[in-house]
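Let me begin by presenting the structure, written as structure tokens, before commenting on it.
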Amino acid sequence: MSPKTQTIKTACPHDCPDTCSMIATVEEGKLIRVAGNPDNPFTRGNLCRKVAHYEERVYSKDRLLYPMKRIGKKGEGRFKRISWEEALATIAAKWKTILAETGPEAILPYSYAGTMGVVSMTACEGRFWNRLGASRLLRTICSSAAEAGYSYVYGWAGGMDAEDFANSKFIIAWGTNLSSTNVHQMPLVREAQAKGGTFVVIDPFKTRTANAADLFIQPKPGTDAALALGMAHIIFTENLHDEAWLEANSIGWREFRDNCAKYTPERVAEITGLDAETIVTLARRYATEKPSSIRLGYGMSRTANGGSMIRAIACLPAIIGAWGKSGGGLLLSSSSHFPIDRQAVKRPDLVPLPGEPSCRDYGREIPRAINMNEIGRVLTETQDVPVRSVYVFNSNPVAVAPNSNLVVKGFEREDLFCVVHEQMMTDTARYADILLPATTQLEQLDLMRSYGHLYMNLCLPAIVPLGESKPNLDVFNGLGKAMGYTDSVFDDTAEDVIRAAINVDHPFMEGITYDYLLEHGFAKLRTESDIFVPYKDNPVFGTESGKVEFYSEAAKRDGYSPLPEHDAPAESAEADPELARKYPINLLSPAAHHFLNSTFANVESLMKSEREPRIWTNPQDAQERGIEDGDTVKVWNGRGEVQLSAVVSDHVKPGVAWSPSLWWNRDSPEGRNVNVLTSDRLTDMGGGSTFHTNLVQIEKLAVAD
Ligand SMILES: Nc1nc2c(c(=O)[nH]1)N[C@H]1C(S)=C(S)[C@@H](COP(=O)(O)OP(=O)(O)OC[C@H]3O[C@@H](n4cnc5c(=O)[nH]c(N)nc54)[C@H](O)[C@@H]3O)O[C@H]1N2
Ligand SMILES: Nc1nc2c(c(=O)[nH]1)N[C@H]1C(S)=C(S)[C@@H](COP(=O)(O)OP(=O)(O)OC[C@H]3O[C@@H](n4cnc5c(=O)[nH]c(N)nc54)[C@H](O)[C@@H]3O)O[C@H]1N2
Ligand SMILES: [Mo]
């Protein structure tokens with residue numbers, strides 16, 4: 001290695017369960033390459049296709065390098081360079097006017113997980129916005145339905161150690177496409193298979209993950225609650241449940257058992273479209289080939305009945321007494337295992353000072369909350385306090401939010417003062433009045449938790465910021481000062497935030513200090529055993545009763561059935577036959593292999609691999625419409641219309657189509673991606689997104705002669 005070559009320990013910041021430990025190689029100040037850190041037992045030295053050539057993204061021609069102000073029409077993308085001083089002063093002046101005239105709830109931060117950093121995401125969602133008293137954003141686009149469904153059973157707390165799947169005899173990947181979305185989980189699955197274990201995939205689409213499965217089960221979308229309750233019924237009737245464990249650790253299991261009796265194999269077969277035999281075999285094997293485990297994804301919960309589906313599936317490991325034993329249980333998310341000091345990071349104590357405009361002027365104790373899935377409606381419909389300004393960071397709503405024709409209409413509003421802080425000239429950035437350049441993770445200091453494993457990573461900056469780009473925290477500190485706030489919190493550095501975050505008295509954090517992380521880069525939470533086995537001895541769950549709640553008073557209070565049930569998702573043939581006659585195809589729109597939501601969808605090599613905006617349709621549906629493989633098709637419903645290239649394939653069953661997310665509007669035919677079709681209806685629980693519950697019609701696009 002030449003003396004001018006340096007290696008720096010960092011981690012991938014993107015919204016993915018794997019959160020890989022990375023080593024960046026820098027030569028003369030330039031990022032040459034990134035590699036997976038071979039010392040991390042989960043990363044194992046490998047990066048996914050998307051991140052393996054991260055230098056392509058860091059030095060992308062789309063990078064924003066200077067603050068700019070709009071000089072063209074909204075969305076046109078014409079800007080003029082300005083200084084940071086002018087940018088911050090313009091924003092502060094505009095916001096002070098809005099504060100005086102309408103109050104701080106007229107200002108809406110819109111952000112998600114463009115970076116998952118404790119500094120750049122968690123701290124920046126709180127702090128400045130709390131002090132301003134702005135509208136709160138309900139960050140529901142991804143995981144909230146699943147969390148709500150899971151919580152009724154267990155209270156919210158994590159699950160299995162991802163590394164413990166290697167010790168399972170029977171693994172179900174249920175509604176998650178691990179080979180694309182959780183790549184580093186797959187070697188652990190293969191380890192289990194090599195030891196004789198069975199790997200099952202349950203998905204309405206034959207995914208890459210399904211290709212690695214010993215058993216692939218393809219139910220109709222939105223019917224998994226029926227499948228899980230049917231499995232439970234078989235387990236109870238064949239006496240395969242663990243009665244001693246249920247007696248000691250749960251409430252309501254007998255009522256649950258009795259209620260499951262209506263989910264007979266025949267009825268479940270009818271609902272799911274599976275053979276009764278398949279359902280019975282799956283239940284028996286799951287209950288007897290122990291230890292058995294379930295990897296549950298957030299993906300499938302983005303269905304109108306997603307909360308109920310997750311709730312029903314979550315009951316299964318408790319029935320068979322899978323918890324507390326290595327290789328058994330379930331993993332939805334590991335994020336709640338990380339005991340960081342959220343108060344110190346987010347600073348909920350910061351509020352507008354007495355006499356300053358606040359939500360109290362509207363009779364509210366805390367600022368009103370806006371569901372991010374409804375951003376289109378919120379920006380276009382009358383509100384008691386109108387949204388007059390939106391500040392977007394860590395997100396690209398014009399491309400990623402559902403019902404996007406309405407989202408665009410909102411962002412087109414001439415009277416909406418729109419600030420976007422971004423790394424790239426995204427579809428959303430084009431709508432900014434003031435556009436601010438953001439650093440990438442390679443240019444900033446941060447701390448990463450993970451929602452897929454138990455390793456914490458310190459990310460050191462590898463290169464100096466490109467152009468005049470700045471990290472989120474620096475911008476919020478600058479905005480705090482421009483607003484005239486004198487609170488010392490706006491002098492905090494990223495290192496201050498990280499040190500405060502990990503300064504907790506918790507056994508999982510023993511010895512994980514800033515200095516330890518500086519030296520080692522990453523650390524696994526210090527759980528009792530190297531492989532964490534939750535709910536081992538006399539477990540206490542996070543529910544009101546402290547037990548697993550098959551019967552949930554909390555659910556009942558919230559207006560749901562106290563016992564898990566299957567109900568057909570809204571906007572399905574069962575729930576709305578009239579709509580289904582017009583739009584007979586159920587469109588699923590999950591993660592693309594080579595993109596991460598809309599991130600990486602501007603990296604040329606990855607665009608090439610993803611080919612073009614496509615839709616998978618069954619040969620029977622295609623034939624009925626005269627569609628051949630490769631044809632351009634028009635896909636539409638009451639919300640809008642897009643053009644996609646057809647892949648005629650039996651990877652989907654008749655009546656179902658699949659279009660991965662997400663191409664930029666910029667690179668989509670007629671400037672519109674699949675989210676024109678997706679619904680802004682919320683899930684049954686948790687106010688989540690419903691990217692998989694959309695009825696559409698498809699036809700071959702007539703070629704003009
Ligand atoms: N390559 C890549 N990786 C990613 C992402 C990405 O966009 N691309 N996104 C990241 C993010 S933000 C997240 S939240 C995670 C999501 O990761 P996953 O949880 O794996 O989510 P998806 O791939 O969106 O959806 C998973 C599967 O759910 C299936 N599905 C849809 N409806 C149903 C149903 O009713 N029942 C069942 N059983 N399955 C159903 C879809 O066909 C899909 O294959 O991945 C992260 N990783
Ligand atoms: N049709 C369909 N739509 C979907 C989904 C789907 O499955 N189907 N998935 C949904 C899901 S699960 C999710 S999580 C959402 C995700 O939606 P988003 O959170 O909007 O995710 P991305 O598209 O990855 O956009 C993140 C943006 O943040 C920027 N960014 C990254 N780091 C930083 C930083 O440090 N500072 C600033 N200021 N910006 C930064 C990136 O450049 C990128 O443009 O999309 C949802 N949309
Ligand atoms: Mo997500």
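Order of listing sets the numbers, starting from 1, for every ligand and every atom in it. Bear in mind the structure is a predicted one, so any value in this text is a computation, not a measurement. Note that the numbering runs from 1 along the sequence shown for the chain.
- Of the possible polar contacts, one joining the Asp446 side chain to the Ser120 backbone as a donor-acceptor pair under 3.5 Å is found.
- Not a single heavy atom of Phe691 sits under 4.0 Å from any atom of ligand 1.
- Below 30°, between 30° and 60°, or above 60°: for Tyr451 and Tyr298 the angle between ring planes is between 30° and 60°, a tilted geometry.
- Polar contact with ligand 2: present for Asn396 (N/O pair, distance under 3.5 Å).
- We find that Asp427 and Arg672 are not joined by a salt bridge, their nearest charged nitrogen and carboxylate oxygen being 4.0 Å or further apart.
- Using a 4.0 Å cut-off between heavy atoms, Ser598 contacts ligand 2 through both its backbone and its side chain.
- Looking at Ile202 next to ligand 1, an N or O pair under 3.5 Å apart turns up.
- Taking 4.0 Å as the cut-off, Phe600 does not count as a neighbour of ligand 1 on heavy-atom distance.
- Polar contact with ligand 1: present for Asp224 (N/O pair, distance under 3.5 Å).
- By heavy-atom distance, the residue among Glu422, His14, Gln441 lying nearest atom 44 (O) of ligand 2 is Glu422.
- Neither the backbone nor the side chain of Trp616 has any atom closer than 4.0 Å to an atom of ligand 1 (non-hydrogen atoms only).
- The backbone of Ala592, and not its side chain, has at least one atom closer than 4.0 Å to an atom of ligand 1 (non-hydrogen atoms only; backbone = N, CA, C, O).
- In this structure, Glu610 contributes its side chain and His594 its backbone to a donor-acceptor pair below 3.5 Å.
- Residue-level proximity to ligand 1 for Cys142 is carried by the side chain, the only part with a heavy atom below 4.0 angstrom.
- Taking the six-membered ring where tryptophan is involved, the planes of Trp658 and Phe205 are essentially parallel, since the angle between them stays under 30° and well short of 60°.
- Using a non-hydrogen distance threshold of 4.0 Å, His594 does not register as a contact of ligand 1.
- Here Thr428 has no heavy atoms under 4.0 Å from ligand 2, in either its backbone or its side chain.
- Counting non-hydrogen atoms of neighbouring residues, nucleotides and ligands closer than 6.0 angstrom, the NE2 atom of His53 reaches no more than 12 such neighbours.
- For Thr223, no nitrogen or oxygen atom sits less than 3.5 Å from a nitrogen or oxygen atom of ligand 1, counting backbone and side chain alike.
- At a threshold of 4.0 Å, the pair Lys206-Asp650 does not count as salt-bridged, since none of the basic side-chain nitrogens sits closer than that to a carboxylate oxygen.
- Heavy atoms of Asn597 found under 4.0 angstrom from ligand 1 belong to the backbone as well as the side chain.
- The proximity of Lys50 to ligand 1, defined as any non-hydrogen pair under 4.0 Å, is limited to the side chain.
- The pair Glu147-Arg311 does not count as a salt bridge, with every side-chain nitrogen at least 4.0 angstrom from each carboxylate oxygen.
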Quiz prompt | Steps toward salt bridge (Lys or Arg N to Asp or Glu O under 4.0 Å) verdict (Glu422, Lys470) | solution = CA-CA 10 Å; Glu422 244 303 346; Lys470 283 186 199 285; over 6 Å; no

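- Heavy-atom neighbours of Glu612 CD from other residues, nucleotides or ligands within 6.0 Å: above the threshold of 12.
- The shortest N/O to N/O separation between His593 and ligand 1 falls below 3.5 Å.
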